[in-house]
2 protein chains.
Amino acid sequence: MPVTIRDVARASGVHISTVSRTFSAPHLVNPETRVRVLACAEDLGYRPNRAARALITGRTHNIGLIIADIANPFFPPLIKAAESQARHRDYHVFVADTNEDAAAEEELVHALAKQVDGVLLCSPRMSNSLIEQLSREVPLVVVNRQLAGLPCVLMDVGQGARSAIEHLVGLGHREIALLGGPRGSWTSRELRRAASAAARAAGADLTVLGPNPPTESGGLAQAEQVRRAGVTAVLAYNDLMAIGLLEGLDALGVRVPQEVSVVGVDDISLSRLTRPKLTTVATPTAAAGRTAVDMLLQQDTELPRTGRGSGAAVAVGVRRTTAQVMLQTELVIRDSTGPGPYAGRERPGATAAGPGPHRRADPGGPTVAAGDVVAS
Amino acid sequence: MPVTIRDVARASGVHISTVSRTFSAPHLVNPETRVRVLACAEDLGYRPNRAARALITGRTHNIGLIIADIANPFFPPLIKAAESQARHRDYHVFVADTNEDAAAEEELVHALAKQVDGVLLCSPRMSNSLIEQLSREVPLVVVNRQLAGLPCVLMDVGQGARSAIEHLVGLGHREIALLGGPRGSWTSRELRRAASAAARAAGADLTVLGPNPPTESGGLAQAEQVRRAGVTAVLAYNDLMAIGLLEGLDALGVRVPQEVSVVGVDDISLSRLTRPKLTTVATPTAAAGRTAVDMLLQQDTELPRTGRGSGAAVAVGVRRTTAQVMLQTELVIRDSTGPGPYAGRERPGATAAGPGPHRRADPGGPTVAAGDVVAS
DNA sequence: TACTTCACTGCAAAGGTTTGCACAAAGATC
DNA sequence: GATCTTTGTGCAAACCTTTGCAGTGAAGTA
């Protein structure tokens with residue numbers, strides 16, 4: 001019943017190899033023959049069997065996309081962009097959800113390895129060493145984690161944290177809390193590092209609360225702690241937690257931004273819809289999805305696979321090109337941040353250390369410039 | 001480099017067919033041999049090549065999931081549930097996004113057809129006849145659309161609309177607007193049909209506004225119309241539109257629920273986070289994803305495929321089992337609905353037509369009971 | 001003892017495609 | 001007009017696995 005290359009060959013009176021070439025190497029076949037074959041194929045509704053093709057070429061034209069939690073609104077735009085980009089290049093995308101579980105991640109990489117040309121690992125919870133080990137099994141591109149020797153797509157949350165802290169300090173806040181993210185998250189560590197440094201540089205105190213689950217309830221659960229900590233501003237690991245915190249503070253009768261200012265990270269679409277609208281560090285999630293697919297596919301076309309004539313070639317020139325891309329973030333100021341107790345007064349560090357509220361203290365952040373591609 | 005069944009055979013001193021059977025028909029191989037083979041396979045890190053397996057068995061152990069818009073928060077829970085359910089049964093899921101475009105849908109079904117054992121079509125925008133035609137190419141399960149002769153997973157939005165209208169009328173509203181969804185949406189038609197009937201039965205007027213894009217901005221854009229229509233309550237096609245409407249009304253200075261009550265459909269997680277919290281008809285999206293996968297896989301195991309010994313068998317007993325499942329919806333009352341102008345007065349239709357506010361008028365709705373599975 | 005049954009394993013074909021090589025015919029070069 | 005390219009096509013092997021059939025012993029039966 002399913003129409004194969006053989007049916008097309010019979011219908012157009014050529015050998016199957018000619019049909020094959022009509023699709024995979026059109027320049028090798030006579031234009032007249034080509035149109036005839038194409039017409040027959042169209043007629044019969046022929047579609048090449050990708051499994052058979054994969055078997056011999058060693059490329060499946062599939063990629064795997066491993067996500068910590070599809071239901072987390074941070075990811076869908078990334079998934080959407082990655083799928084779209086992949087499809088433009090004639091790749092299909094397996095999407096898999098790990099429920100934030102490192103063991104599930106590992107198992108999924110194994111399960112997918114034979115079936116895809118590469119895997120996008122988004123916000124992994126695994127250890128670095130495990131990721132490196134897995135990368136020997138299947139080409140990997142990591143999103144939201146920096147790993148030497150592996151292609152990574154990063155969002156410059158460090159810069160975002162600095163902007164956020166400076167924004168808050170500029171508004172007159174000196175006692176700031178950071179709501180940490182989940183254990184094992186590179187983003188969370190990076191955020192903490194940059195926020196601490198920025199707070200120190202600006203003469204503010206930073207209290208770290210966490211780790212927390214990166215969810216609304218994770219933020220809600222910390223509302224009481226936030227109030228008790230006596231801070232006047234909070235930077236949350238992500239918007240979901242920030243929104244949960246908004247809920248929690250509301251329930252406690254704490255007004256935002258009059259009593260406490262709140263800043264999120266991600267700029268999920270939801271953050272425009274809360275009351276007050278959330279001030280947040282926008283991360284370019286769709287761009288990250290696109291970029292990650294591009295990097296994976298570029299790597300894929302460079303490396304030869306199991307095809308017939310391989311063998312020695314792999315051992316010789318394998319030197320992988322491991323680019324790392326850092327995407328820019330941007331502070332989006334909305335209504336959840338307002339003046340703090342020191343509003344209008346001179347900032348403690350400002351006169352001594354820099355040119356004013358928009359000074360960019362950069363105490364040892366990532367050296368990769370925003371938007372740059374650096375091969376290593 | 002990649003380890004094949006042959007490597008395992010060599011290592012364990014048996015023929016490759018024995019290795020194959022160790023995995024696909026363990027009861028046919030001597031327990032001692034089996035453990036030896038398994039040990040070798042484990043050692044070498046062997047994973048069967050699914051492309052090769054697909055080639056001969058005719059089943060890929062993949063399914064396709066075609067979604068109108070991944071970024072629409074209605075879908076991620078469905079995707080997540082479907083993926084999880086599929087994985088439990090050793091299937092992987094291709095996710096593809098159509099951007100609400102019917103042509104893209106068709107193309108995707110074609111593209112995926114050869115590569116999957118079946119496709120889940122979620123909230124399709126295609127015509128019924130096209131869907132039926134495509135279903136001859138690859139097994140299909142349709143979500144959110146009723147099609148005779150095809151397995152469908154439906155949410156009882158009709159019941160939901162009735163509950164919503166009755167809730168509003170019970171609160172004293174008589175002039176109600178329905179914000180329609182996108183053209184081609186079965187859910188939108190169904191909603192409209194049931195809401196009209198329910199409004200008529202309860203003696204209220206229903207104004208239909210639309211069709212609209214099923215997004216926040218789609219709802220926002222209708223705020224002005226809603227005010228001009230002079231209604232005191234609105235039922236929106238989905239939560240996203242309802243939330244957009246909330247925004248729009250707020251911008252116009254119309255207070256919710258004091259001046260206008262708003263009801264959404266879906267109960268996306270976001271609807272708990274707006275101010276006021278949204279009253280909505282909860283649809284069981286995760287259950288729909290699970291159910292759809294189950295139905296597809298059940299159908300899949302029933303129908304034989306291209307395998308060696310097929311042939312006549314297909315022609316004989318092909319009679320597809322096309323179950324249709326209707327999942328129950330539930331009205332969740334939150335803060336966006338409040339008393340209307342007729343609050344406290346006697347309802348016009350109530351005394352004449354039924355037993356009171358929770359009467360269930362059912363003027364020609366679907367005959368399939370909620371939660372029932374009906375083979376046709 | 002001779003025969004059947006049974007459990008296990010090996011053999012080889014098949015599935016749809018790609019691709020290196022060989023070959024033929026036509027055109028180019030001298 | 002003989003040789004060399006070029007262009008287009010066919011041939012057949014290879015990719016990795018599954019599976020019907022046949023074969024081998026050993027155990028059970030008469």
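By convention in this document, chain letters (A, B, ...) are assigned in the order of the sequence lines, proteins followed by strands, and residues within each chain are numbered from 1.
Remark: side-chain polar atoms of A:Arg145 are paired, donor with acceptor, to backbone N or O of A:Pro124 under 3.5 angstrom. Checked by atom type and distance alone, the side chain of B:Thr22 pairs as donor or acceptor with a backbone atom of B:Thr18 at under 3.5 Å. In this structure, B:Arg125 contributes its side chain and B:Ser123 its backbone to a donor-acceptor pair below 3.5 Å.
By the ring-ring contact (aromatic ring centres under 6.0 Å, His included) test, B:Tyr46 is found to be paired with B:Phe23, residues two or more places apart in sequence or in another chain being considered. For the side chain to side chain contact (heavy atoms under 4.5 Å, CB included) test, residues two or more places apart in sequence or in another chain that qualify with A:Asp69 are A:Ala71, A:Asn72, A:Asp97, A:Glu100, B:Lys80. Residues forming a side chain to side chain contact (heavy atoms under 4.5 Å, CB included) with B:Arg290 (at least two apart in sequence, or on another chain): B:Ala81, B:Gln85, B:Ala286, B:Ala287. For the side chain to side chain contact (heavy atoms under 4.5 Å, CB included) test, residues two or more places apart in sequence or in another chain that qualify with B:Asn62 are A:Phe94, A:Gln115, B:Thr60, B:His92, B:Phe94, B:Val116. Under the rule for a side chain to side chain contact (heavy atoms under 4.5 Å, CB included), the partners of A:Ser24 that lie at least two apart in sequence or sit in another chain are A:Ser20.
A straight line from NE2 of A:His15 to C1' of C:dG16 spans 13 Å, rounded to a whole angstrom. We find that CZ of A:Arg59 is positioned 18 Å from C1' of D:dC16, with the value rounded to whole Å. Atoms CG (B:Asn49) and P (D:dC15) sit 12 Å apart, rounded to a whole Å. Counting to the nearest Å, the C1' atom of D:dC15 and the CD1 atom of A:Ile5 are 15 Å from each other. For the pair B:Arg47 CZ and D:dC16 P, the interatomic distance rounds to 17 Å; values are reported in whole Å. Here the P atom of nucleotide C:dG16 and the NZ atom of B:Lys114 are 9 Å apart, to the nearest Å. If you take CD1 of B:Ile56 and P of D:dC16, they are 14 Å apart, rounded to a whole angstrom. As rounded to whole Å, 10 Å separates atom C1' of D:dT19 from atom CG of B:Leu28.
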Which atom pairs, one a donor and one an acceptor, fall under 3.5 Å between side chains of residues 8-15 of chain B and the rest of the protein, sequence neighbours left out?
{"residue": "B:Ser12", "atom": "OG", "partner": "B:Val8", "partner atom": "O", "Å": "2.6"}
{"residue": "B:His15", "atom": "ND1", "partner": "B:Ser17", "partner atom": "N", "Å": "3.1"}
{"residue": "B:His15", "atom": "ND1", "partner": "B:Ser17", "partner atom": "OG", "Å": "2.9"}

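Computed from C1' positions of five pairs at each end, the angle between the two local axes of the helix from C:dT1-D:dA30 to C:dC30-D:dG1 equals 40°, rounded to 10 degrees.
Contacts between residues 29-38 of chain A and DNA chain C, defined by a heavy-atom separation below 4.0 Å, involve no residue at all.
Pairs of residues two or more places apart, or lying in two chains, never qualify as salt bridge (Lys or Arg N to Asp or Glu O under 4.0 Å) while including a residue from residues 15-41 of chain A.
Closest to the A:Ser17 side chain, of the nucleotides D:dC15, C:dT17, D:dG10, is D:dG10. Ranking D:dT19, C:dT17, D:dT17 by closeness to the A:Ile16 side chain, first place goes to C:dT17.
Using a 4.0 Å heavy-atom distance criterion, B:Thr4 is classed as a sugar-phosphate-only contact. Heavy atoms of A:Phe23 sit nowhere under 4.0 angstrom from any nucleic acid atom. Looking at heavy-atom distances under 4.0 Å, B:Thr18 makes contact with sugar-phosphate atoms alone, never a base. A:Arg6 comes within 4.0 angstrom of a nucleotide base, judged by non-hydrogen atoms across all strands.
Looking at which nucleotide of DNA chain D each of B:Ser20 and A:His27 is closest to, the 5′-most match is held by A:His27.
Between the base of C:dG10 and the side chain of B:Arg21 there is a donor-acceptor pair shorter than 3.5 Å.
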